[in-house]
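Labels below follow one simple rule: chain letters A, B, ... track the order of the sequence lines, proteins then strands, and each chain is numbered from 1.
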Amino acid sequence: MFKDTGHVNAYFPLFIPKSFLSREAQHVEGFAKECAVITHHRLMNDPDGNGVVVDPSARLEEELVVRPTSETIIWNTYKDWIQSYRDLPLLINQWANVVRWEMRTRPFLRTAEFLWQEGHTAHATKEEAELEAALIHEVYARFAEDYMAMPVIKGAKTANERFAGAEETYTIEALMQDGKALQAGTSHFLGQNFAKAFDVKFADNNNQEEYVWATSWGVSTRLVGGLVMTHSDDDGLVIPPRLAPTQVVIVPIPKPTTEILEVAEQIENRLKALGISVRIDRDEQKRPGFKFAQYEMEGVPVRIGIGMRDLANQQVEVARRDTKEKMPVLLEGIDKYIQKLLEDIQLNLFDRAKKFRDDHITEVKNFDEFKSVLEEKGGFIKAHWDGTTETELKIKEETKATIRCIPNEEPESPGKCVYSGEKSSRKVLFAKAY
RNA sequence: CGGGGCGUAGCGCAGUCCGGUUAGCGCACCUGGUUUGGGACCAGGGGGUCGCAGGUUCGAAUCCUGCCGCCCCGACCA
């Protein structure tokens, strides 16, 4: 689904000259405090014999910054690549690691280095760039919901929460099982900010010079954390079938025998013919109970148990990870049954997560209610907001909750701000977030 | 940078307050046997600079001094 959008892959340098960062004022302000900076290019043996030290004579003339994101180096390049409207749109994606020197890291959700894809596009018109940002926003939402079975709310970020250098940031927001929100992917309409900062102009079909319009967007390994925290339970991971590396595992009971393996292999072949990934556990050392627990922990969606008792009845035992249910299934038609079951699990995971999410969107009328819901129930809080950064920051200061997004689907409705009492045209979603 | 906590076997911990057998337990590992439809059991075994350095003492994982490392909370942030 990503490839259908027509973007091409490319790769840009990891090291960015420090001066590039300072070209766009908002951008540098946003990232300045979390950059890894390269100052030297050589090590040497410590004269005092304490291993290796930085060679002070190898100081760089201009320091290099390890990319926190690639806008600057890419726009410095686009400047040379774009001359005319015939060069547009320029649609590029890169897979890369980036570094943001966080004070506090958290596995998967906020790591100092993370892997992501970042798209960077240039367009002739504002409308086209806006459509691009919206398109990717939708692609991210579809991926989250249809593949990860993770329901998301699409919306726009407030000015305060916006990407540094963007005119508009669109986000997909998910809700984790502990009631905290997770920003799962963002798509930015950058206006002409980077075009102006890096002097990227094109000649239109009247030979008039114009600055190009831009977007950028990304999702990262943070999604892995989101996947885990959306579906998993006390027995371990729960991986949606569409993303599970192994969709079905076959466990011989109590251990592999010729007879059992013969049937297992038949099932394996029939499932593979339907494009289902299967693994037969041929280990003879571990007992079935151990294997059951192990595969549950790993989140394998479907387990098939085969013992002599089953074979006598021409059946097997099928267990699904999402509900932990077990049922006997006849060998006849087992392939179609499993195929259908995988689809059911995929849908069930989504429905279950969506129900939880919807049950945790609470509309509040006043600030006392806001605080008590936030403390006692968690999740999203829907409330009127007066639109000012000042109010937003005060709420954050007092409650730790931030505005996760201004939901696309929330209709305009006049009201009064939950904090200031000032006029508000629309409700927004607040939550404590990762 | 502020506040709190922790360093003892591969992992998780007890022992430290109140110094005194050969430093112990669970998991994991090795050997043998018995088991096998939900994380097997029994027996035997291997594995330790008790974070580092110095000090007190007949004797230090334990007390004292200094240092090092890690984790949690706060400020940053996706």
Side-chain angles (χ1 to χ4, degrees), chain A residues 27 29-36 50 67-69 71 96-118 140 144 152 157 160-166 169-174 176 180-188 216-226 229 234-236 249-257 260 281 283-298 303-313 315-319 321 324-328 393 396-397 400 402-405 431-434:
Chain A
H27 192 63
E29 202 183 315
F31 288 107
K33 282 178 280 186
E34 49 186 19
C35 287
N50 297 319
R67 61 184 165 217
T69 176
E71 271 78 6
N97 54 341
V98 292
V99 168
R100 295 181 189 174
W101 209 265
E102 303 293 345
M103 276 173 190
R104 179 84 120 256
T105 61
R106 201 184 251 283
F108 292 115
L109 300 182
R110 201 184 309 117
T111 44
E113 175 191 354
F114 57 94
L115 184 64
W116 75 350
Q117 57 69 219
E118 45 179 325
Y140 285 168
V152 294
K157 285 293 188 187
N160 179 248
E161 295 278 331
R162 212 171 272 159
F163 173 71
T169 289
Y170 303 103
T171 179
I172 54 173
E173 295 285 324
M176 304 296 99
K180 289 174 82 171
L182 181 77
Q183 176 173 308
T186 48
S187 178
H188 317 287
S216 69
W217 25 274
V219 291
S220 75
T221 36
R222 163 171 260 221
L223 287 179
V224 176
M229 296 183 72
D234 289 347
D235 293 319
V249 64
I250 301 177
V251 179
I253 300 170
K255 58 164 65 168
T257 62
I260 290 174
D281 189 329
D283 185 300
E284 298 188 3
Q285 306 295 326
K286 297 187 177 66
R287 305 170 80 207
F290 183 91
K291 294 176 181 177
F292 295 171
Q294 187 69 26
Y295 291 117
E296 277 159 13
M297 198 153 65
E298 291 171 11
R303 182 185 75 238
I304 299 177
I306 310 177
M308 292 310 289
R309 212 186 294 159
D310 295 307
L311 293 187
N313 297 319
Q315 66 179 35
V316 295
E317 179 186 78
V318 174
R321 178 64 182 87
K324 306 286 292 288
E325 289 171 293
K326 291 193 283 198
M327 44 263 163
L393 291 177
K396 182 180 179 182
E397 197 179 316
K400 305 277 181 206
T402 50
I403 298 177
R404 301 321 302 157
C405 71
K432 286 187 189 172
Y434 279 108

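- Atom P of B/C17 sits at a distance of 9 Å from the matching atom of B/U62, rounded to the whole Å.
- Nucleotide B/C27 has B/G10 as its partner under the Watson-Crick or G-U criteria, with both atom distances under 3.5 Å.
- Look at B/U34: its Watson-Crick or wobble partner, with both distances under 3.5 angstrom, is B/A40.
- For the residue pair A/Arg404 / A/Thr402, a side-chain donor-acceptor distance below 3.5 Å is found, with atom types taken as modelled.
- At a threshold of 4.0 angstrom between heavy atoms, the contacts of A/Lys400 are confined to the sugar-phosphate backbone, with no base atom among them.
- Looking at residues two or more places apart in sequence or on another chain, you find a ring pair (Phe, Tyr, Trp, His ring centres under 6.0 Å) between A/Phe114 and A/Trp116.
- For A/Lys400, the side chain to side chain contact (heavy atoms under 4.5 Å, CB included) criterion is met by A/Lys432, not counting sequence neighbours.
- B/U65 is paired with B/A53 under the criterion used here, namely a Watson-Crick or G-U wobble arrangement in which both key atom distances are under 3.5 Å.
- Applying the side chain to side chain donor-acceptor pair (under 3.5 Å) rule to A/Gln183 yields the partners A/Lys157; only residues at least two apart in sequence or on another chain are considered.
- Applying the side chain to side chain donor-acceptor pair (under 3.5 Å) criterion to A/Glu102, with sequence neighbours excluded, gives no partner residue.
- Boundaries of the chain A contact region on RNA chain B are B/U36 to B/A78, first to last in 5' to 3' order (nucleotide atom under 4.0 Å from a heavy atom).
- Partners of A/Phe108 by side chain to side chain contact (heavy atoms under 4.5 Å, CB included), not counting sequence neighbours, listed by chain and number: A/Val224.
- A 3.5 Å limit on both hydrogen-bonding distances identifies B/C58 as the Watson-Crick or G-U partner of B/G20.
- Nucleic acid contact for A/Glu296: base, since at least one base atom lies under 4.0 Å from a heavy atom of the residue.
- If you take atom C1' in B/C63 and the same atom in B/G24, they sit 22 Å apart, rounded to whole Å.
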